[in-house]
Amino acid sequence: MEPEPEMREIRVVGFLGVSDYGLGQLETLIKRYTVAFATAKKKHTAHASGLDTKLEKLCMVNRIPYLGSVDANSAELVARAGETDLVVIGGYDGILKKPFLEAPRHGVINTHLGLLPLNRGCCPTLWAQLHGLPQGYTTYLVGEAIDHGPSLDRYEAPASLGALRDDNRRVYDALAEAAVGRFAAALKRLESGKALKPCSGPEAYHKKGMPNDGWLSFFWTDEFLLRFSLALDFAPYLPGRTRQEHGDEIFLAILSSEAEPVPAAPAVVPGTVLEVIGQDLTVKTTEAAVRCRLRKGPMPELGSVLASGRPESDAEGGCAHPIDADFSGKELPLHRYIISEVTAGKKTVRPARGAI
């Protein structure tokens, strides 16, 4: 008979960062433990605007020392972490170094809104939409490798989430709600002392930066245009952008593909504005046409041609995730981002590739 696992006793915790799901997780921690400290993000971000105030108020009401924006790797924070049993990351934006990770008695846990290890790195919900990957999240014990460690909870969302109907904000909010709802069970699993599930399988990593720097191409397939727009549409950030003939930048949300485009001359090129009704416009594509909604910038004139792809000034370097202006797929291939895969029990590291 195998011996019972040794329980991990958790009484005092620390909390790093802020996010929609992080606030919910902090409320769970408050009900279960003594929270020794809480911090905001290291740097301000637009999508977390207003959350700092909510976090500070929550800390004040519950008499939790609120430290604001800090460097978690500082000697002071490492010392504070060393007085806890566990530190929980609730949306912190810095890379934690070994001294901090080893300071809490039972380590540091994080919730990443992507299924690990296949969707590591920045903006996981965005990249899952672009690649056509399942949406989900992973709550895991943080190791020195970014977004990699044994998991406490790995949740795969229904296949309908993130399909060609949900913008990225809706995907994020749905996963955040699930992560908060299941967080107490994840903590119980950690406390139980049971072995955690290893983080194994093919690994892909997305570094910081937006796909194609947000530039649309009307030579892409209609389905990929819609997928691209939905993936980038994360309030308060704007979806894909393009340029008018005289250079004005505009932001468009792709609403749908128009299988039967507005009648036009056969010579009309992709990017031509075929119809304008209110804030909506129909634009010619290489396949047919797409119906769009103007989100920012001046409305293009009927018959004008919107640019496709990145500006020439951006074409040479500078873009972390370039996509060819004539890319013909319906989903962005994942192969460029695969950093390792397991074949016949052996791990093979693959180099990152160039433009798609």
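Bear in mind that the values here come from a model prediction, so they are computed numbers and not experimental data.
At least one donor-acceptor pair under 3.5 Å links the side chain of N73 to the backbone N or O of K97. Judged purely by atom type and a 3.5 angstrom limit, N62 uses its side chain to pair as donor or acceptor with the backbone of L58. At least one donor-acceptor pair under 3.5 Å links the side chain of S74 to the backbone N or O of D71. Judged by distance alone, with hydrogens and angles left aside, the side-chain atoms of T282 form no donor-acceptor pair with the main-chain N or O of V290 at under 3.5 Å. A donor-acceptor pair is defined here as one N or O able to donate and one able to accept, closer than 3.5 Å; no such pair exists between the side chain of T272 and the backbone of V305. Checking side-chain atoms of S217 against main-chain N and O of A325 turns up a donor-acceptor pair under 3.5 Å. Counting only distance, with no hydrogens or angles, the side chain of R310 and the backbone of L216 share no donor-acceptor pair below 3.5 Å. Remark: side-chain polar atoms of T285 are not paired, donor with acceptor, to backbone N or O of D222 under 3.5 angstrom. With hydrogens and angles ignored, the 3.5 Å screen pairs a side-chain donor or acceptor of S19 with a backbone N or O of G90. A side-chain donor-acceptor contact under 3.5 Å links R8 to the backbone of L190.
Contact check for L26 versus V88: no side-chain heavy atoms found under the 4.5 Å cut-off. Inter-residue side-chain proximity for L126 and M210 is flagged as met; some heavy-atom pair is nearer than 4.5 Å. L152 is listed as a side-chain neighbour of I109, based on a closest heavy-atom distance under 4.5 Å. Looking at heavy atoms from C-beta onward, K41 lies out of side-chain contact with S69 at the 4.5 angstrom threshold. Two residues are said to be in side-chain contact when any heavy atoms from C-beta on lie closer than 4.5 Å; R32 and E191 meet this criterion. Under the 4.5 Å side-chain criterion, counting only non-hydrogen atoms from C-beta, N110 is not in contact with L16. With a 4.5 Å cut-off on side-chain heavy atoms, L306 and V273 count as touching. When side chains are defined from C-beta on, N168 counts as touching Q129, because their heavy atoms get closer than 4.5 Å.
Remark: E177 CD is loosely packed, at most 12 non-hydrogen atoms of other residues, nucleotides or ligands lying under 6.0 Å away. Enclosure of atom CZ in R293 is not indicated, since only 12 or fewer non-hydrogen atoms of other residues, nucleotides or ligands lie within 6.0 angstrom. Around CZ of R11, the count of heavy atoms belonging to other residues, nucleotides or ligands within 6.0 Å does not exceed 12.
The two residues G143 and L101 make their nearest non-hydrogen contact at O-CD1, 3.6 Å. When all heavy atoms of L232 and P211 are compared, the closest pair comes out as CD1-CG, 3.6 Å. What you find for G132 and R227 is that their closest heavy atoms are CA-NH1, 3.9 Å. Of all non-hydrogen atoms in P99 and V78, the two that sit nearest each other are O-CG1, 3.9 Å. Contact record, E223 with K330: OE1-CD, 3.4 Å, taken as the closest heavy-atom pair. Residue D213 comes nearest to C319 through the heavy atom pair OD2-CB, 3.6 Å, listed as atom of the first residue, atom of the second, then distance.
If you chain together hydrophobic residues whose side chains sit under 4.5 Å apart, L294 and L225 fall into the same group. In the hydrophobic clustering of ILVMFWY residues, with side-chain heavy atoms under 4.5 Å counting as a link, V70 and L96 come out together.
For the atom pair SG of C122 and CG of N119, the computed distance is 11.0 Å after rounding to the nearest 0.5 Å. With values rounded to the nearest 0.5 angstrom, S151 atom OG is found 8.5 Å from R189 atom CZ. For the atom pair CG of D280 and SG of C292, the computed distance is 8.5 Å after rounding to the nearest 0.5 Å. Of the inter-residue distances, the one linking L274 atom CG with L281 atom CG reads 9.5 Å to the nearest 0.5 angstrom. Separation of atoms OG1 (T28) and CZ (F183) is listed at 6.5 Å; rounding is to 0.5 Å. In this structure, CG in L118 is found 12.5 Å from CG in D147, a value given to the nearest 0.5 Å.
Shown here are the side chain to side chain donor-acceptor pair (under 3.5 Å) partners of T139, two or more places apart in sequence or in another chain: T111. A185 pairs by the side-chain contact (heavy atoms from CB on, under 4.5 Å) definition with nothing, not counting sequence neighbours. Remark: F224 pairs with W220, F327 by the ring-ring contact (aromatic ring centres under 6.0 Å, His included) rule, at least two apart or across chains. Evaluation of the ring-ring contact (aromatic ring centres under 6.0 Å, His included) rule for Y140 yields no partner, not counting sequence neighbours. A search for side-chain contact (heavy atoms from CB on, under 4.5 Å) contacts involving S256 returns E258, R291, not counting sequence neighbours. In terms of the side-chain contact (heavy atoms from CB on, under 4.5 Å) criterion, residue partners of K296 (sequence neighbours excluded) are, by chain and number, L238, F251. Scanning for salt bridge (Lys or Arg N to Asp or Glu O under 4.0 Å) contacts around E76 gives R80, with sequence neighbours left out. Residues satisfying the ring-ring contact (aromatic ring centres under 6.0 Å, His included) test with Y92, not counting sequence neighbours, are none. With sequence neighbours left out, the ring-ring contact (aromatic ring centres under 6.0 Å, His included) criterion links H112 to no other residue.
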Checklist entry - So T286 and F218, side-chain contact (heavy atoms from CB on, under 4.5 Å) or not? Walk me through it. => result CA-CA 6 Å; T286 193; F218 298 101; over 6 Å; no

Next on the checklist: One pair to check against side-chain contact (heavy atoms from CB on, under 4.5 Å): H321 and N212. What are the steps and the verdict?
Outcome noted: CA-CA 5 Å; H321 306 282; N212 214 43; over 6 Å; no

Next on the checklist: Before you tell me yes or no, could you show the steps for R120 and H148 under side-chain contact (heavy atoms from CB on, under 4.5 Å), namely the whole-Å CA-CA distance, both residues' side-chain angles and the distance that decides it to 0.1 Å?
Outcome noted: CA-CA 8 Å; R120 298 171 58 194; H148 199 286; 4.2 Å; yes

Next on the checklist: Would L115 and L133 count as a side-chain contact (heavy atoms from CB on, under 4.5 Å) here? Give the steps.
Outcome noted: CA-CA 9 Å; L115 295 173; L133 296 174; over 6 Å; no

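For the residue pair E9 and H106, no side-chain donor N or O sits within less than 3.5 Å of a side-chain acceptor on the partner.
Among pairs with a residue in residues 8-41, none fulfils ring-ring contact (aromatic ring centres under 6.0 Å, His included), at least two apart in sequence or across chains. Note on residues 184-208: pairs passing ring-ring contact (aromatic ring centres under 6.0 Å, His included), not counting sequence neighbours, are W127-H206, H131-H206, H206-Y337.
Both tests pass for R241 against the ring of W215: distance under 6.0 Å to the centre and angle within 45° of the axis.
Between D85 and R105, at least one side-chain nitrogen of the basic residue sits less than 4.0 Å from a carboxylate oxygen of the acidic one, meeting the salt-bridge criterion.
No option in R170, R169, R165, R295 other than R295 meets the salt bridge (charged side-chain N to carboxylate O under 4.0 Å, His left out) test with D233.
Cluster partners of V12, using a side-chain heavy-atom cutoff of under 4.5 Å among ILVMFWY residues and allowing indirect links: none.
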